J.: 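This is the structure, below, for whatever I ask next.
It should be emphasised that the depicted structure is a prediction, and the values quoted were computed from it without experimental measurement.
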Amino acid sequence: LLHNQFYYVQAEPEISDGEYDRLYRRLQDLEAQHPDLVTPDSPTQRVGGEPISGFSPVRHAEPMLSLDNTYSEEDLEEWEQRVRKGLPDETVAFAAELKIDGVAVALIYREGQFQQAVTRGDGETGDDITANIRTLRGLPLQLKATAPRGELVVRGEVFLPKKAFQELNAQKQEAGEKVFANPRNAAAGSLKLLDSRLAARRPLAFFVYGMDTKTSGPLKTQTEVLSSLASWGLPVSPDHALCRDMAALKRFLSGWEPKRHSLSYETDGVVVKVDALDQQKRLGATSKSPRWAMAYKFAAEQAQTRLNAISVQVGRTGVLTPVAELEPVLLAGTTVSRANLHNEEDIARKDIRVGDQVVIEKAGEIIPQVVRPVIGRRTGKEARFKLPAGCPACDSLVVKLEEQVAWRCANPGCPAQVKGRIRLFAQRAAMDIEGLGEALVDQLVEKGLVRDYGDLYALTVEQLAPLDRMALKSAENIVAALQASKQRTLGRLIYALGIPLVGEHSGEVLAAHYADLKSLGQAEQEALQDIHEIGPKVAASLRAFFSRKEIKAVLAKLEKAGVNTRQLAEEKLRTGGLTGKTFVFTGELETMTRNQAEARVKRLGGRAAGSVSKKTDYVVSGPGAGSKLDKAKKLGLKVISEKEFNRLSSE
Ligand code: IVH
C-alpha cells in the first residue's frame, strides 16, 4: 500500500499540491501506526535533519564541462563544418534539446538507489547537495528494475518553474527581502540553503539530459540515452528531436524560438549534440567544453518604451513597491504596461528616471523588468524618483526597517494593508476561502463591509449579492466557503493571521507546540525562542503581534464566529515529543531495526545522526556497542538503553 502510494505520487507529478499533501498526510499516519512499513525511500524520509554548517566538496568522477555558445545560425553552421571535418565521410546526426536555464547537477545512483547529488562547482569538484536534492518531489529515490546496477552517474539541470519563481518573488517582496533576478538564481539559491527543510518548500524540478561515459554501457546514441533515462524513471524533457542535417536543426531552432514562452520552465536556447556516442568520443573535448556539443542561445527578447510614471503599491505588511507605468508595448507575446521596480535603491542603481526611454526584458519570460534607461535619448526633462514621504494609500508615515531595503507604511489600519491581510487570510494555503478573490476583497473593504478578517464571518448573502460581479448563487457560495473555512487546522490559522515573519511552515511548527491559539498568544518570548526553528526575530514578532489591543479584538471575533483555534490531533503528531533532540544509535537493537528507530525519531521531530558529537542529546546503546559509546562517555553524553528509548519515544 505504501509503495503504491509512493509510486502514484512519483509517477503523477501533475497531481495538485493539495492532493499531494493529502496523500502525504495519509502516508504519515499509516507510517505512524505501522513503523515497520517505513522504507528508506518513502516520501516522508525525504527531508533530512538540521541545518548544516556548509557543503562538503566532492570530486566528480568525470569533469563536468560547460558548453560553447553561439548566437547565430552562421556560427552554428561553422561548428557543424568543424564536426564534419573531424568525422570525414561519416554520416552525422544531431540531437537537439532545449537548454534549460537552471543549475547543473550530477546525481549518483548505486544499485538503482539514489546516493548523492553534487553541484558542478568548478567542473572538477562540486558541493554535496544531497540533502536538498532529496526533497525534490520529482526525484526517484529508487530507479525502475531495468536501470543498470552498480554505479550510475546522471547529469541534469535543476530549475524553478516560472510560476513558482513568480510566487517566491512575490513572497520575498512582501517580506521586504531582496527578490531573485531570475529563476536560475532562485534555483541556485534554493540549492544552497543550508536547511533542507527550507529547500523542501521551494518547488524545484529537474530534467536529466545525460550520463557519465563510464556508465552509459551498451547505449549507442544520445537519443537512446534520453529514452533509457526516461524508462528508468528519471524525468527527461520531452522537448528534444533527432535532426539528420542542418536544415532540420534550423527548423527546430526557429520552431522553438517563439514557442519557448509557453513552456512552464525557462529556456535560453538549444543544445545541439552529435548523436552517436562513439563519434562524441572521437571528437573529444577541449579543457573547457566538448567539441561534440554547442549551445545556440536565443536572443533575450527586449523592447523599448517610455516610462510614463512610477506608481507605488502598498502590500499586506505595508511594504511600498514602486511600479513602472509604461507606454504599452508588445514583448514576447504579451502587451506590457507595468513592471515591478522592486525598491528605491534598485531604481537609483540603474539610474532610471520618469520620462526615460527604457529597455525592458522578461525575467523568467513572465515578469517584465526594466533593464536600463536609454541615456542617449534623454531630453533633460526626466525626473529622478523619490518614494513619497507618506503612504500613497493612507498618507501615514513610512518607515524603513533596519537591514531591509523596503520602506513600509506604519499605519496598520491602512486600507491597502487591510486588503492585503484579508487576501492572505483567504489564500489557498491559509484559510482556503474559495471565491474570495482580490476584486471582492477590494469591494468589501471600500464599502466598509469588513475592517479586518474577523468581520468576514458576519457577512450575509444579502450583503454580498448586490456587489459587483456577484449574484445570489455566488453570494451563497461565499457564505458556504466561509463556513467551511472555520474547520481549518491551527497551523493554517496561525499563518493566515499574517504575523510578520510567520510563514506557512512556522505556522505548522507553532501549531505543533501549542494546544490552542490562546496559549500561543500568551507564550513568553523565551519559550517561543526555545522552539526548534523559531528564532529570536520570529519570537519577538509573535509577542508584538499578540500584545496589540486591536489584534485581541480581531481574534475574539474569530473565536466568537466559531473558527477553530485548537490544535488538531494530526498537528501534534507532526512534530512530536522529540523535537530538536538528536539521537545516535550504537550496537544492536532488539525490538526494531535501526531504520525503524531512526524513522520514529524523525517522525517525532527529532534527528538521527550517524556520529556522536557534543550536539548529541541521547546515545541509544545496545549489545555490541563500540567506539561511539566510548566517545559518548568521554563527552559525558546521556546514554540510554533501547527500553528507555522506547519509553521516551512512545507515540
Ligand atoms: S549537455 C559537457 N544538455 O547548460 C556539457 N546541458 O552551458 C554537456 N544545460 O552545464 C552539457 N540543458 O548545466 C546539456 N539539454 C542540455 C542542457 C544543458 C541545460 C546546461 C548545463 C551545462 C550548461 C552549459
J.: Under a 4.0 Å N-O cut-off, is there an ion pair linking D617 with R607?
T.: no
J.: Does E446 CD have over 12 foreign heavy atoms under 6.0 Å away?
T.: yes
J.: Any donor-acceptor pair under 3.5 Å linking the side-chain atoms of N132 with those of T135?
T.: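 On atom types as modelled, these side chains do not qualify, holding no pair under 3.5 Å.
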J.: To the nearest 0.5 Å, what is the distance between CD1 on I422 and CZ on R316?
T.: 12.5 Å
J.: Around atom CD of E476, are there more than 12 heavy atoms from other residues, nucleotides or ligands closer than 6.0 Å?
T.: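 Yes, enclosed.
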J.: Would you kindly say whether N564 and R492 are connected by a side-chain donor-acceptor distance under 3.5 Å?
T.: no
J.: Donor-acceptor check, side chain of Q596 to backbone of T593, threshold 3.5 angstrom: yes or no?
T.: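 At least one qualifying donor-acceptor pair exists.
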J.: If you round to the nearest 0.5 Å, how far is CD of Q522 from OH of Y514?
T.: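 Answer for the OH-CD pair, Y514 versus Q522, is 10.5 Å.
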J.: Hey, are the side chains of L510 and V502 touching, using non-hydrogen atoms and a 4.5 Å cut-off?
T.: yes
J.: Between R421 and D452, does any NZ, NE, NH1 or NH2 come within less than 4.0 Å of an OD or OE carboxylate oxygen?
T.: no
J.: Quiz question: by atom type and distance under 3.5 Å, do the side chains of E642 and T591 form a donor-acceptor pair?
T.: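 Yes - a donor-acceptor pair under 3.5 Å links their side chains.
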J.: Counting only heavy atoms not in K537, do more than 12 fall under 6.0 Å of its NZ?
T.: no
J.: Please determine whether the number of non-hydrogen atoms from other residues, nucleotides or ligands lying under 6.0 Å from atom CZ of R488 exceeds 12.
T.: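 Enclosed.
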J.: Is there a donor-acceptor contact under 3.5 Å linking the side chains of E508 and Y495?
T.: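 Side-chain D/A pair, E508 to Y495: absent.
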J.: Under a plain distance cut-off of 3.5 Å, with no hydrogens placed, do T130 and D128 share a side-chain donor-acceptor pair?
T.: yes
J.: Is R566 atom CZ crowded by more than 12 heavy atoms from other residues, nucleotides or ligands, each under 6.0 Å away?
T.: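 No, CZ of R566 has 12 or fewer neighbouring heavy atoms, counting only those of other groups under 6.0 Å.
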J.: Short question: side chain of R202, backbone of A187 - any donor-acceptor pair under 3.5 Å?
T.: no
J.: Can you tell if the side chain of F645 reaches within under 4.5 Å of the side chain of Y618, non-hydrogen atoms only?
T.: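 Not touching, per the 4.5 Å side-chain cut-off.
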J.: Are C394 and C409 side-chain neighbours, meaning at least one heavy-atom pair lies under 4.5 Å?
T.: yes
J.: With a 4.0 Å cut-off, would you call E559 and K518 a salt bridge?
T.: no
J.: Decide yes or no for V158 and L136: does some side-chain heavy atom of the first lie under 4.5 Å from some side-chain heavy atom of the second?
T.: yes
